[in-house]
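Every number for a ligand or one of its atoms is a count from 1 in the order of the listing.
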Amino acid sequence: VPKIGVLALQGGYEAHKKSLVKLGSFARYVRVPEDLDGLDGIILPGGESTTIGKLLVRYNLLEPLKLKILDGFPVFGTCAGLILLSQEVVGKAQHILGVLDSTVNRNAYGRQIESFETTLNVKIQGSTRIPAIFIRAPRITHFGKDVETLAIFEGTPVMVRQGDILGSQFPPGANR
Ligand code: GLN
């Protein structure tokens, strides 16, 4: 059974843990560096990326998590999680992990009221159709040559992968 952590500083971490448990995986909230011990991977949920970034610094998690990911620790970031993974965020400076060769533009689809749900074909295990929820989602505007596109929406990549670093502009909504 894979042991997966869910970064639980702020945002939608509870839904991710529920999904993992439903899938038969071991799931643990990560709030301090010691929580990372013995894990096989981690999910960075959506939320407010500025807040999560600040808390990563406050709980001394930013540096250890970054080093671990650079060392090959698998990570999946959704929404704010994708922002934290990206190397560059358009606009104001904020604390990020910066491990994914990409640039994101925050809140690129408009305000909360412009949030929407759709179904996407995702290149995982062949091709899988999954519900995707865009909640004040970021948009990937640039990415490097080692980054592979796993899903496209309105002609632009919305889910990408660079080795064991996976990022999507949306949380997969399959469990609702
Ligand atoms: N708007 C948030 C941010 O910029 C991300 C939204 C989300 O995670 N659903 O950090």
Under 3.5 Å, N or O to N or O, is [X] touching ligand 1 that way?
{"X": "Ala80", "value": "yes"}
{"X": "Thr78", "value": "no"}
{"X": "Gly46", "value": "no"}

Give the atoms of ligand 1, by number and element, whose distance to some non-hydrogen atom of [X] is under 4.0 Å.
{"X": "Ser49", "answer": "3 (C), 4 (O), 10 (O)"}
{"X": "Cys79", "answer": "7 (C), 8 (O), 9 (N)"}
{"X": "Ile83", "answer": "3 (C), 4 (O), 10 (O)"}
{"X": "Ile135", "answer": "6 (C), 7 (C), 9 (N)"}
{"X": "Asn107", "answer": "1 (N), 2 (C), 4 (O)"}

Practice task
For Ser86 and Ser102, test the side chains for any donor-to-acceptor distance below 3.5 angstrom and give the result as yes or no.
Solution key: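 Judged by distance alone, the side chains do pair up.
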Handout entry: Beyond-backbone contact of Phe73 with Asp71, side-chain heavy atoms, under 4.5 angstrom
Key =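 Phe73 vs Asp71: side chains apart.
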Handout entry: Closest contact, heavy atoms only, Gly46 versus Ile52
Key =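 Closest approach of Gly46 to Ile52: O-CD1, 4.4 Å.
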Practice task
Applying side-chain contact (heavy atoms from CB on, under 4.5 Å) between Met159 and each of Ile140, Val122, Thr78, Leu82, report the one that passes.
Solution key: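 Filter result, single survivor: Val122.
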Handout entry: Phe170-Phe153 aromatic ring centre distance below 6.0 Å
Key =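 No, ring centres 6.0 Å or more apart.
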Exercise for the section: Have a look at Tyr109 and tell me which of Glu154, Arg136, Gln169 forms a side-chain hydrogen bond (donor to acceptor under 3.5 Å, both in side chains) with it. Expected result: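 That would be Gln169.
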Problem - Closest protein heavy atom to atom 2 (C) of ligand 1, given as residue, atom name and distance to 0.1 Å - result: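 Looking at atom 2 (C) of ligand 1, the protein heavy atom closest to it is Gly47 O, 3.4 Å.
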Practice task
Considering heavy atoms of the protein only, find what lies nearest to atom 4 (O) of ligand 1 and give residue, atom and distance to 0.1 Å.
Solution key: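 The answer is Arg106 NE, 2.7 Å.
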Practice task
Look up atom CG in Leu97 and atom CG in Leu7, then write down how far apart they are to the nearest 0.5 Å.
Solution key: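 The CG atom of Leu97 sits 8.5 Å away from the CG atom of Leu7.
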